[in-house]
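The next block holds one structure in the form of structure tokens; read it before the comments.
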Amino acid sequence: MDREALKKMSAEAALEQIKDGMILGMGSGSTVMHVIKLVGQRIKNEDMAIMAVPTSYDTAQLCISSNIPLTTLDEHPSLDLAIDGADEVDPNLNLVKGGGAALTREKIVGSAARLFMILVDESKLVKKLGEKSHLPFEVLPFAITPVIHRLQDFGKPQLRMSAKKLGPIVTDNGNFIVDLHHLEITNYSEMEKQLNNIPGVIENGLFVNMVDLVYVGSEKGVKILTKI
Ligand code: 5RP
């Protein structure tokens, strides 16, 4: 089975967590795209009253075309359930996120939810964060050079460049993304705070002690990981 099929499998299984009347936080990325389409079908077939706070422009657009009503954190500062993907998941359900450059809104939305659920295919499981992925940062453009200098103490920072536009990619919040390669992540929560303490860093992609449930699409079926 290819990775896309495994992602879809985890999205199908995760639907069991979504109940009528829920206010959802909707993450970003290709795995969440499967969920959005499936939730849209359920709203239509079962006449469910569901609303979603989107974490990116892409997610908002797909929610609109799937007939999922949008709402905001101003209207619903507390969410029933946030659903998202991840770039890495460790055995304690800590994450690296930000492959789609939506990490800041994803962290805000995930932290506003009573239940934070992550959907991945099995290739995202790691023993230690940083094993496969670099660590993304959202950075204020005004501070990009000093932030890159400071991040050189931790690894090899690289400004993320756009694929189909000249120059760096710009996030939905108007900022740049720096990917930190070769980072040795030791104490996750200390490091998350230390990195966010660099002036100009808006947020980093370490999600520590936030997640309640992970649905993992694997060749053997969907495994559900819960916080130990
Ligand atoms: C976006 C993210 C995504 O959730 C992460 O990159 C996983 O994406 P995909 O589901 O496409 O593998 O953090 O900022």
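Ligands are counted one by one from 1 in listed order, and the atoms in each one are counted from 1 as well.
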[X] side chain to [Y] side chain, donor-acceptor N/O pair below 3.5 angstrom:
X      : Y      : answer
Asp58  : Ser56  : no
His34  : Glu12  : no
Ser133 : Glu88  : no
Glu192 : Ser189 : no

Can you list the atoms of ligand 1 that are under 4.0 Å from a heavy atom of [X]?
X      : answer
Ala101 : 14 (O)
Gly98  : 2 (C), 13 (O), 14 (O)
Asp84  : 4 (O)
Asp87  : 5 (C), 6 (O), 7 (C), 13 (O)
Lys7   : 9 (P), 11 (O), 12 (O)
Gly85  : 4 (O)

Quiz prompt | Crowding at NZ, Lys132 (>12 non-hydrogen neighbours, <6.0 Å) | solution = yes
Exercise. Can you establish whether the number of heavy atoms outside Lys220 located under 6.0 Å from its atom NZ is more than 12?
Key: no
What's the shortest heavy-atom distance between [X] and [Y], and which atoms?
X      : Y      : value
Ala52  : Met26  : CB-CB, 4.3 Å
Phe116 : Val211 : O-CG1, 3.7 Å
Ala86  : Ile118 : CB-CG2, 3.8 Å

Self-check item: Minimum non-hydrogen distance to atom 14 (O) of ligand 1, winning option of Lys97, Met33, His34, Glu106
Solution: Glu106
Quiz item: For atom 3 (C) of ligand 1, which candidate among Gly100, Ser133, Ser28 holds the nearest heavy atom?
Solution: Ser28
Exercise. Decide whether the shortest distance between a heavy atom of Gly27 and an atom of ligand 1 is less than 4.0 Å.
Key: no
Practice problem: Determine, using heavy atoms of Lys124 and all atoms of ligand 1, whether some pair is separated by less than 4.0 Å. | Solution: yes
Quiz item: Tell me, which protein residue and heavy-atom name are nearest atom 10 (O) of ligand 1, and how many Å apart are they?
Solution: Thr31 OG1, 2.6 Å
Quiz prompt | Closest approach of any protein heavy atom to atom 9 (P) of ligand 1, naming residue and atom | solution = Ser30 OG, 3.3 Å
Practice problem: With heavy atoms under 4.0 Å as the rule, classify the contact between Ala86 and ligand 1 as side chain, backbone, both or neither. | Solution: backbone
Self-check item: Verdict with supporting geometry, Lys128 and Glu184, salt bridge (charged side-chain N to carboxylate O under 4.0 Å, His left out)
Solution: CA-CA 10 Å; Lys128 194 172 173 300; Glu184 182 60 31; 3.3 Å; yes
Compute the shortest N/O to N/O distance between [X] and ligand 1 and return yes if it is under 3.5 Å, no if not.
X     : answer
Val32 : no
Gly29 : no
Arg3  : no

